[in-house]
Amino acid sequence: MAELPEVEIITQDLKKTIIGKKIKRIEEICPENLRRKSSIGLNEILNKKITSIKRRGKYIVISFSKGYSLLIHLGMTGHLFYKRGREPINKHDLLIFDFLSGKNRLIYNDIRRFGSVTVVDSAVLQKLNIFNKMGPEPLMVTKEEFLRIFRNRKSKIKSLLLDQKIIAGLGNIYADEALFQAKIHPEERANTLSEKKLEMLRGSIKRILVKAIQEGGSTIINYCNLFGEEGKYQNYHKVYSRKGLPCALCGTTIEKIRVSQRSSFYCPKCQKKGNI
DNA sequence: CTGCATGTTAGGTT
DNA sequence: CAACCTAACATGCA
């Protein structure tokens with residue numbers, strides 16, 4: 001559901017709304033249904049000021065004064081909503097955050113429960129494998145680092161783009177769209193790609209992510225931002241979920257194959273193998 | 001009923 | 001280590 005652009009939008013929305021606030025109360029609707037990655041209780045963050053909100057890969061990091069952070073991963077179907085006042089609890093709501101000031105509430109909702117909400121010690125977070133093992137940010141990565149990551153790897157390029165340890169934040173939608181724009185077949189081996197081609201891929205990834213953020217992300221099934229608004233970038237998808245439809249560039253029928261157990265959509269003419 | 005879905009991780013084999 | 005596969009998690013939809 002949420003890849004880098006969607007997580008970035010939610011992070012920006014959170015910055016606009018809850019930075020500087022303190023959480024007064026956290027209601028856990030069904031505690032056994034919430035995934036965590038540490039044993040620190042959620043109540044550790046109560047009555048502490050929210051000092052910063054950042055994104056790393058597909059994680060949202062909300063930092064509090066006195067050394068704790070809240071780490072949120074939305075998984076496939078996680079949602080955060082900022083809602084006015086008291087509203088009835090919806091199906092799959094898992095957490096309700098009340099603030100010290102104002103009546104607005106933050107709701108965490110997750111249909112499939114693949115997401116996680118974890119309190120971590122901020123000092124420990126620095127050492128936590130989660131971030132140290134994660135690859136660079138695609139919007140920040142330099143040409144040299146991008147080349148270093150890919151040029152010696154023998155795996156299929158699509159598999160590597162999805163691997164958060166290689167590069168952080170891409171998911172199936174934006175990996176497919178970036179490969180289409182760079183005219184690379186998803187099963188091309190990374191080490192066969194020329195430096196020029198890899199640099200084109202780096203540019204395509206950046207352009208697509210920036211545009212997707214501008215357009216409010218992609219709403220395929222049910223993604224929406226903190227205020228319940230849908231994204232528009234799905235209207236710009238060139239290959240993702242477009243099996244059987246004509247390629248926008250050449251009219252060839254878009255195909256769907258399996259790469260690393262994930263569906264991959266591509267144009268067999270624009271993304272020929274050997275176009276390296 | 002079956003198969004599929006935007007994600008991650010642990011554990012296995014080669 | 002690298003590469004690749006499987007299963008697991010849980011729900012909804014076609």
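Below, chain A is the first sequence line, B the second, and so on; all start at residue 1. Please read these numbers as outputs of a predicted model, since none were measured by experiment.
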Quick one: side chains of residues 40-48 of chain A, donor-acceptor pairs under 3.5 Å with protein atoms, not counting sequence neighbours, listed by atom name and distance.
from, atom 1, to, atom 2, distance (Å)
A:Lys48, NZ, A:Glu44, O, 2.6

Open item on the list: Less than 6.0 angstrom separating the ring centers of A:Tyr59 and A:Phe131, yes or no?
Closed with: yes
Task: C:dA10 base / A:Arg113 side chain donor-acceptor hit below 3.5 Å - done: no
TODO: Please evaluate the base of C:dC9 for a donor-acceptor partner in the side chain of A:Arg112 within a cut-off of under 3.5 Å?
DONE: no
Open item on the list: Can you measure A:Asn90 atom CG to C:dT11 atom P for me and round it to whole angstrom units?
Closed with: 16 Å
TODO: Answer yes or no: does a side-chain N or O of A:Ser155 lie under 4.0 Å from OP1 or OP2 of C:dC4?
DONE: yes
TODO: To the nearest Å, give me how far apart CG (A:Asp110) and P (B:dT8) are.
DONE: 13 Å
Open item on the list: Please tell me if A:Gln164 has a side-chain N or O lying less than 4.0 Å from either OP1 or OP2 of B:dG7.
Closed with: no
Open item on the list: Measuring to OP1 and OP2 of C:dC4, would you say a side-chain N or O of A:Gln261 lies under 4.0 angstrom away?
Closed with: no
Open item on the list: Could you tell me how far B:dG3 sits from C:dA7 if I compare only their P atoms? Round to whole Å.
Closed with: 14 Å
TODO: Please say whether more than 12 non-hydrogen atoms of neighbouring residues, nucleotides or ligands are located less than 6.0 Å from CD in A:Glu87.
DONE: yes
Open item on the list: Is A:His73 close enough to B:dT8 that one of its side-chain N or O atoms is under 4.0 Å from OP1 or OP2 there?
Closed with: yes
Open item on the list: For DNA chain C, report each stem as range with range, ordered by first number, or say none. Use Watson-Crick or G-U wobble pairs under 3.5 Å, at least 3 in a row.
Closed with: B:2-5 with C:11-14, B:7-14 with C:2-9
Open item on the list: Using atom P in both nucleotides, what's the gap between C:dT6 and B:dC4 to the nearest angstrom?
Closed with: 13 Å
